[in-house]
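Protein chains get the first letters and strands the later ones, always in sequence-line order, with residue 1 at the start of each. Because the structure is predicted, anything quoted here is derived from the model rather than measured.
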There are 2 protein chains.
Amino acid sequence: MTQRRAPTIYEVAAHAGVSIKTVSRVLNLEPNVRPKVQERVKRAVSELGYRPKTSARGLAGGRSFTLVTFLDEALTLDHWKIDRSNPYVERLQFGGMMACREAGYHLLFELLNAEAENAEAILSSTLSALNPDGVILTPPISDNQKILEILVRMGTPFARLSATETDVACLSITMDERAGANEATLHLIGLGHKRIGFIAGTPGLASSRARQDGYTDAMRASGLALDPATMLQSDYTYEGGKASGRALLSLPNPPTAIFAANDEMALGVIHVASELGVEVPRDLSVVGFDDFPASRYSQPTLTTVRQPVGDMAAEASKRLIAHAADKTSQELNAALAINHAFVVRNSTSSPKAS
Amino acid sequence: MTQRRAPTIYEVAAHAGVSIKTVSRVLNLEPNVRPKVQERVKRAVSELGYRPKTSARGLAGGRSFTLVTFLDEALTLDHWKIDRSNPYVERLQFGGMMACREAGYHLLFELLNAEAENAEAILSSTLSALNPDGVILTPPISDNQKILEILVRMGTPFARLSATETDVACLSITMDERAGANEATLHLIGLGHKRIGFIAGTPGLASSRARQDGYTDAMRASGLALDPATMLQSDYTYEGGKASGRALLSLPNPPTAIFAANDEMALGVIHVASELGVEVPRDLSVVGFDDFPASRYSQPTLTTVRQPVGDMAAEASKRLIAHAADKTSQELNAALAINHAFVVRNSTSSPKAS
DNA sequence: CTGAAAGCGCTTACAG
DNA sequence: CTGAAAGCGCTTACAG
């Protein structure tokens, strides 16, 4: 069996009776090729099963047809070590991949420790090795000024996902987390709840702050008291949620509803409620945030705010790719908020008449 | 602010006072460079922050430092559409990525419809565009003869994950699913169960067959009857698990334990049991397979067989990379079974004395 | 509308 | 142990 070597542009050109430059034109959808010639080239391409080699295109043209997503190293390794599912990465991967494949692009993932002393050297070395047409920054890297500067200096187009400080003129893609949290809280208030506990996420993370702001917005707007005793600081983990849930339910006058800043903590609250004989949603309503996959398998299933990470990654990819194809486009100077959804499942209901 | 262009091998050579070939030697760990010269080159490399460009290396040397993983298109899109978490892909991604990054490699994901008429054209065109140093095949693609032949013909090294028919001399990486299922069933038998129901996965999938075989092995070896009434065919989905669970629990003489061929179905069984007032594990023991992330958040948490997908991907990557570095190695002629684990959680216990 | 030439930044094969 | 030359397969910039 002979090993079939992949055809080159020279073979296509010979087959079609034109120069390689004309083949290149057809492949890259450049103008100024007669329809008939175009037709001949296309036939040659498909008869030979030709596909331009990515590395040759990259070397000659400076376009690598590659986008790289930077993930926070510590966060990612932590998730991986305890083998907790990280739906964030998964949605990123699929949303980005689907947008990329339509355009013949590829999505690469890199771990980056933005706090390391040599972060700058590592980043620029990665960029010069891969020469990506664009970079997608995930939190908390998307708010790291040092990283942003390096990218600007190297001239690499980038998109920031869920960034909070969007001063620079660049592409920033978010969902309105504050609005989502506001909606979640109003849902509980609408059901008739008045004592609504809140469990915050990891201190310092922008998402936790935004979700807390949304909660307080809704409480204030509805004229409900913000009781510090029912607002607990936690850490976005299942165990943290259990601890905070236990604390909240042990209060002399416990809340009738709890809004946790992410699903993992909300699931912990549901678990601890069941241990304490508190029935959800009859005795306690629970709302989460993220639409974590496990939230569909919990008992009861969890009412939550759906973070459109896949759509965010797809939008980032599309704009980065459009920019690579046409540098004059303004695709990269925008702050977009992708629509989120509020998903009502079975963990919320009106409070017991008492 | 001037845009810093990435340095080339010429600049490093000039800086170190040697030829570019010597720089290349040091970079590729080739022999025959004096220690002093080596030292000088290394210093120049780090002072200039030099990293060879992947596309130039790929074009000149025929090594792309890239591995591509092919995912079944329909399966993946289905999971994505309903936004079910697919821990398989996630573990693949991380296990592979960690192994790749140590070696300066990158992992790409591609969707492939192996049943399409033009599957061959698509595959070979993808391969000639990317020119990967190796390919990782996931099920059911890893058992697709047509695809295997194309890979052999194109001379692309590949690893098959969870393949069942391992006739060809190639790299095949599995876990012993039959042994895992056997272990799960013996666990239930060891607890004292005698009527143990089984819920099979999607018909035709090799994994479902292997898991069923493991179940029947254990039942037979223990002298227990295989009752067709308690062995149901399902489809690996949560809804399928609920339906089968309901059917089994409605039997005149229902089983005291159920082994479902994956976690998603097992979670469905737990859910339906709770609806029917059957308490798990007091009235019914449930075992799953895969160690799906949601299995840690269920009530009760699920006893299951852990499929070491991350380790499998890591092993595949390492061997493919080793082979790319040294074609004479025998890394690619092996059938490996990666160790799995049996994870006992809270969904199993001894049957009620009756 | 089309093509000949040069060059992207490396590695290969060869010479010394 | 080291280097000069050629070439990988494309795109760019230019000429006609």
Roughly, in whole Å, what's the span from NZ in B:K36 to P in D:dT2? 11 Å

For the side chain of B:T8, counting heavy atoms from C-beta on, which of D:dC10, C:dC10, C:dG3 is nearest? C:dC10

5'-most by nearest nucleotide on DNA chain C - A:V33 or A:Y10: A:V33

Looking at D:dT11, D:dG9, D:dC1, which one has an atom nearest to any side-chain atom of B:N32? D:dC1

With heavy atoms under 4.0 Å as the rule, sort B:K21 into base, sugar-phosphate or nothing. base

Rounded to the nearest angstrom, tell me the gap between atom CZ in A:R57 and atom P in D:dT12. 10 Å

Ion pair present between B:E30 and B:K21, side-chain N to carboxylate O less than 4.0 angstrom? yes

Roughly, in whole Å, what's the span from CD in B:E30 to P in C:dC10? 14 Å

Just name whichever nucleotide pairs with D:dA13, Watson-Crick or G-U, keeping both distances under 3.5 Å, else none. none

Counting only side-chain N and O atoms of B:S24, is one of them less than 4.0 Å from OP1 or OP2 of C:dT11? yes

Out of D:dT11, C:dC10, C:dG3, minimum distance to the side chain of A:S19 belongs to C:dG3

B:N131 CG to D:dG9 P, straight-line distance once rounded to whole Å: 10 Å

Rounded to whole Å, CD1 of A:I9 lies from C1' of C:dT2 at a distance of 14 Å

Separation of atom CZ in A:R51 from atom C1' in D:dC10, rounded to whole Å: 15 Å

Pairing partner of D:dA4, by Watson-Crick or G-U wobble and under 3.5 Å for both distances, is none

Any base atoms under 4.0 Å from A:R63, or only sugar-phosphate, or nothing? Heavy atoms, all strands. nothing

A:N28 has an atom CG; how far is it from atom C1' of D:dT12, in whole Å? 11 Å

With distance as the sole criterion, do the side chain of B:R25 and the base of D:dT2 form a donor-acceptor contact below 3.5 Å? yes

Indicate yes or no: does A:R319 engage A:E315 in a salt bridge with an N to O separation below 4.0 Å. yes

Among C:dG3, D:dG3, D:dC8, which nucleotide sits nearest the side chain of B:L59? D:dC8

Output the single nucleotide from D:dC10, C:dG9, C:dT12 whose closest atom is nearest the side chain of B:K53. C:dG9

Is B:E120 salt-bridged to B:R153, cutoff N-O under 4.0 Å? yes

Please give, in whole Å, the distance from D:dA4 C1' to B:I20 CD1? 9 Å

Ion pair present between A:R160 and A:D143, side-chain N to carboxylate O less than 4.0 angstrom? yes

Check this for me: does any side-chain nitrogen of one of A:E73 and B:R101 sit under 4.0 Å from a carboxylate oxygen of the other? yes

